Amino acid sequence: MDIFVGSIPFKFKEKDLEALFTPFGEVVSVKIIIDKATRQNKGFGFVEMKERKDGLSAIQALNGSDQLGRAIVVSEAKKDKEGEPAFKKPRQWNKGKKKNNVITWG
DNA sequence: TCTGAGCGC
């Protein structure tokens, strides 16, 4: 499932989100939205977890929790519906080269 | 290299 994470500190990185969600289940991918022009952290991101139940428990546990002094918002991503693909086109993380705002895993 | 509701290139 895809999880929306908002109000995260601007200093947050993908690794930080991965470290937050990993204890609740297997994290498939992590992404933090960064402005394409200025490369600035937009303050929200997404975490994809393998098991939906783990994602839900992670949401309940991490939503509103303090991270680096800020209460983050954790909720299920809008486009992620049960039985439907989260997006029209598949996103691949371990393909091609690494970009500025994307960390390739593995 | 600022910012603070919002949903991803």
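If you're wondering where the values come from, they're calculated on a predicted model, not measured in any experiment. Quick note on labels: first sequence line is chain A, next is B, and so on, each numbered from 1. When reading the values below, keep in mind they use all heavy atoms of this one structure, side chains included, and skip hydrogens, waters and symmetry mates.
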Check your understanding: In whole angstroms, how far is the P atom of B:dG6 from the CZ atom of A:F12?
Key -> 21 Å

Point to revise | A:M1 CE - B:dC7 C1' separation (whole Å) | key: 14 Å

**Study point:** Heavy-atom closest pair, residues A:P23 and A:L20
**Key:** CD-O, 3.4 Å

Check your understanding: Cluster question for you: counting only ILVMFWY and a side-chain heavy-atom cut-off of under 4.5 Å, with indirect links fine, are A:L68 and A:V30 together?
Key -> yes

Exercise for review: Start with the C-alpha distance between A:I59 and A:M1, add both sets of side-chain angles, then the distance that settles side-chain contact (heavy atoms from CB on, under 4.5 Å), and finish with yes or no.
Suggested key: CA-CA 11 Å; A:I59 289 175; A:M1 72 176 295; 4.0 Å; yes

Review point. Starting at CG of A:D35 and ending at C1' of B:dG6, how long is that distance when rounded to a whole Å?
Key: 14 Å

Exercise for review: Starting at atom CD1 of A:I33, determine the distance to atom C1' of B:dG6, rounded to an integer number of angstrom.
Suggested key: 11 Å

Check your understanding: Who passes ring pair (Phe, Tyr, Trp, His ring centres under 6.0 Å) against A:F44, sequence neighbours left out?
Key -> A:F4

Point to revise | Atom-pair distance (CD1 on A:I59; C1' on B:dC7), nearest Å | key: 13 Å

Revision key, fill the gap. Taken to the nearest 0.5 Å, the spacing of A:I72 CD1 from A:Q67 CD works out to 4.5 Å

Practice item. Please name all residues satisfying side chain to side chain contact (heavy atoms under 4.5 Å, CB included) with A:K50, sequence neighbours left out, ordered by chain then number. Key: A:E26, A:V28

Please write out the pairs of protein N or O atoms and N or O atoms of nucleotides 1-5 of chain B separated by less than 3.5 Å, giving the distance to one decimal.
unit_1 : atom_1 : unit_2 : atom_2 : d
B:dC2  : N4     : A:Q40  : NE2    : 2.7
B:dG4  : N1     : A:I8   : O      : 2.8
B:dG4  : N2     : A:I8   : N      : 3.3
B:dG4  : N2     : A:I8   : O      : 2.9
B:dG4  : N2     : A:G43  : O      : 2.8
B:dA5  : N1     : A:K42  : O      : 3.3

